[in-house]
Novice: 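Quick one: the structure is below, questions incoming.
First listed ligand is number 1; within each ligand, the first listed atom is number 1.
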Amino acid sequence: MSEASARPIRLGLVGIGKIARDQHIPAINASPDFELAATASRSASVDGVPGYRTIEEMLAAGHDLDAVSFCTPPVGRHDLVSPAIAAGLAVMIEKPPAATLSEARAMTRAAEIAGIPFYTSWHSRAARHVEDARSWCAERQVSRIHVEWREDIRQWHPGQEWILEAGGFGVFDPGINALSILTAILPKSVVLSAATLDVPRGRGAPIAATLQGTSGDAAFSADFDFLQTGEQTWSIHLEDAAGETLSLIEGAGAMTLGGERQPASEDSGEYPHLYAHFATLVREGRSDVDLSPLELVADAFLLGEHRATEPFSF
Ligand code: NAP
């Protein structure tokens, strides 16, 4: 996009739902790098922005787009994203990148062949203390890693039936955020050795899960729960061989060392970081693709013991 490098990147946004409204649209509107030029969503639009029901209609409408950002659920991403790649547009996708590894790899390969910037975003990696935790892990021998990611599905995903359908990831929809942080901060790969997946009768995806494994010499465990009421927990606890501890809490928006909460630095927020990074990728013609969090979720489904639990309704 050399001719466009001096002007804002003209962006199409696909899938106008909760995360588009809560985070993407405010971040895009506040960014000097982007102009929201058009949207595609079956039943929603954004005031003042030309809206279309399908991506094909949006691409055909001649808005001189440079890039498209996708905020739809993971199932169906490959079919949605392919026309944007075929049109030669840069692509950014919400986590998780796709419902399957094969789809995610097919999109990545298609983007490589087309020579377009392709960004599989992981918003939790842009949380305030992720880089602090990465430095901490790099300087010592981590011996224990425990993830507690417990939230109330009814509070955070009201009426999102797709999330408990096959391909909707269930509790791994938030849980993959913890895995995206872990795979960014640990120097050694996480390898799963066991998992349990609790799937409510009549649903296609787990409402709770546990993971066990290793990262080098460190023992790894995770507890994911979608039925947590009251206080919500998005924590990663790390301990080194000398017994020193670091905990990322509040989704890595806060951190404790030896149990003491650390001061918070100024931060613009996760989604402004994501869009600033995407702008750099678009202007430099580069991609940023990491499927390792998705690989761990896929492994949990491959390895895990599936247990039927009580039916769930929103
Ligand atoms: P959502 O509220 O259900 O919105 C998704 C939108 O995508 C829908 O409003 C729908 O708009 C469109 N869509 C296209 N195909 C769909 C299908 N088969 N089923 C349902 N909707 C479909 O979901 P969301 O919470 O925004 O999540 C979307 C993505 O963002 C997911 O990958 C999720 O992991 C990620 N995310 C969500 C959050 C969060 O807090 N909710 C946070 C970070 C990331 P139309 O009906 O108009 O087409």
Novice: So which protein heavy atom does atom 32 (O) of ligand 1 come closest to, and at what separation?
Specialist: Lys95 O, 2.9 Å
Novice: Ignoring angles and geometry beyond distance, decide whether His123 reaches within less than 3.5 Å of ligand 1 through its nitrogen or oxygen atoms.
Specialist: no
Novice: Is Asp173 in polar range of ligand 1, meaning some N or O pair under 3.5 Å apart?
Specialist: yes
Novice: Does Pro174 come within less than 4.0 angstrom of ligand 1, counting non-hydrogen atoms of the residue?
Specialist: no
Novice: Nearest protein heavy atom to atom 29 (C) of ligand 1, by residue and atom, and its distance?
Specialist: Thr72 O, 3.6 Å
Novice: Heavy atom under 4.0 Å from ligand 1: found in Arg77's side chain, backbone, both, or neither?
Specialist: side chain
Novice: Quick one: sort the His157 and Phe226 rings into parallel, tilted or perpendicular, breaks at 30° and 60°.
Specialist: perpendicular
Novice: Report yes or no: is the cationic atom of Arg140 (NZ for Lys, CZ for Arg) under 6.0 Å from the centre of the six-membered ring of Trp136, at an angle within 45° of the ring normal?
Specialist: yes
Novice: Going through the distances and angles, do Phe34 and His24 end up as a ring-ring contact (aromatic ring centres under 6.0 Å, His included)?
Specialist: CA-CA 11 Å; Phe34 291 94; His24 287 254; over 10 Å; no
Novice: Check for a donor-acceptor pair, side chain of Ser215 on one end and backbone N or O of Val190 on the other, with a separation under 3.5 Å.
Specialist: no
Novice: Over all heavy atoms of both residues, which pair between Phe220 and Thr214 is shortest? Give the atoms and the distance, please.
Specialist: CB-N, 4.1 Å
Novice: What do we get for Glu94 next to ligand 1 when only non-hydrogen atoms under 4.0 Å count, side chain, backbone, both or neither?
Specialist: side chain
Novice: Would you tell me which option among Ala20, Gly15, Gly76 has the nearest heavy-atom contact to atom 12 (C) of ligand 1?
Specialist: Gly15
Novice: Consider every N or O of Tyr271 and every N or O of ligand 1, then say whether any pair is closer than 3.5 Å.
Specialist: no
Novice: Testing Glu310, Glu161, Glu165 one by one against Arg203 for a salt bridge (charged side-chain N to carboxylate O under 4.0 Å, His left out), which residue passes?
Specialist: Glu161
Novice: At a 4.0 Å threshold, what atoms of ligand 1 neighbour a non-hydrogen atom of Ala44?
Specialist: 47 (O)
Novice: Taking atom CD as the centre, does Glu260 end up with more than 12 heavy-atom neighbours from other residues, nucleotides or ligands that are less than 6.0 angstrom away?
Specialist: no
Novice: Would the number of heavy atoms belonging to other residues, nucleotides or ligands and lying under 6.0 Å from CG of Asp217 be above 12?
Specialist: no
Novice: Side chain, backbone, both or neither: which applies to Lys18 and ligand 1 if a contact is any heavy-atom pair less than 4.0 Å apart?
Specialist: both
Novice: Can you confirm, on distance only, whether ligand 1 has an N/O atom lying under 3.5 Å from any N/O atom belonging to Ile19?
Specialist: yes
Novice: Determine, for Glu57 against Arg42, whether the closest basic-nitrogen to carboxylate-oxygen distance falls under 4.0 angstrom.
Specialist: no
Novice: Under the ring-ring contact (aromatic ring centres under 6.0 Å, His included) criterion, do Trp149 and Trp156 qualify, and how do the steps go?
Specialist: CA-CA 13 Å; Trp149 222 255; Trp156 301 102; over 10 Å; no
Novice: Tell me, which protein residue and heavy-atom name are nearest atom 22 (C) of ligand 1, and how many Å apart are they?
Specialist: Arg42 NH2, 3.0 Å
Novice: Backbone, side chain, both or neither: what part of Ile16 comes under 4.0 angstrom of ligand 1, heavy atoms only?
Specialist: backbone
Novice: Polar contacts were defined as any N/O atom of the residue lying under 3.5 Å from an N/O atom of the ligand; does this apply to Trp156 and ligand 1?
Specialist: no
Novice: Hey, can you tell me if Tyr119 and His277 have their rings parallel, tilted or perpendicular (30° and 60° cut-offs)?
Specialist: perpendicular
Novice: Distance to 0.1 Å, residue and atom name: give those for the protein heavy atom nearest to atom 28 (C) of ligand 1.
Specialist: Cys71 O, 3.2 Å
Novice: Measure from atom 7 (O) of ligand 1 to every heavy atom in Gly17, Gly168, Pro73 and give the option owning the shortest one.
Specialist: Pro73
Novice: Look at the side-chain heavy atoms of Ile, Leu, Val, Met, Phe, Trp and Tyr, link any pair under 4.5 Å apart, and say whether Leu36 and Val91 land in one connected group.
Specialist: no
Novice: If you have a sec, work out which protein heavy atom is nearest atom 45 (P) of ligand 1 and how many Å separate them, to one decimal?
Specialist: Ser41 OG, 3.3 Å
Novice: Going by the closest heavy atom to atom 24 (P) of ligand 1, which one wins out of Gln160, Arg53, His24?
Specialist: Gln160
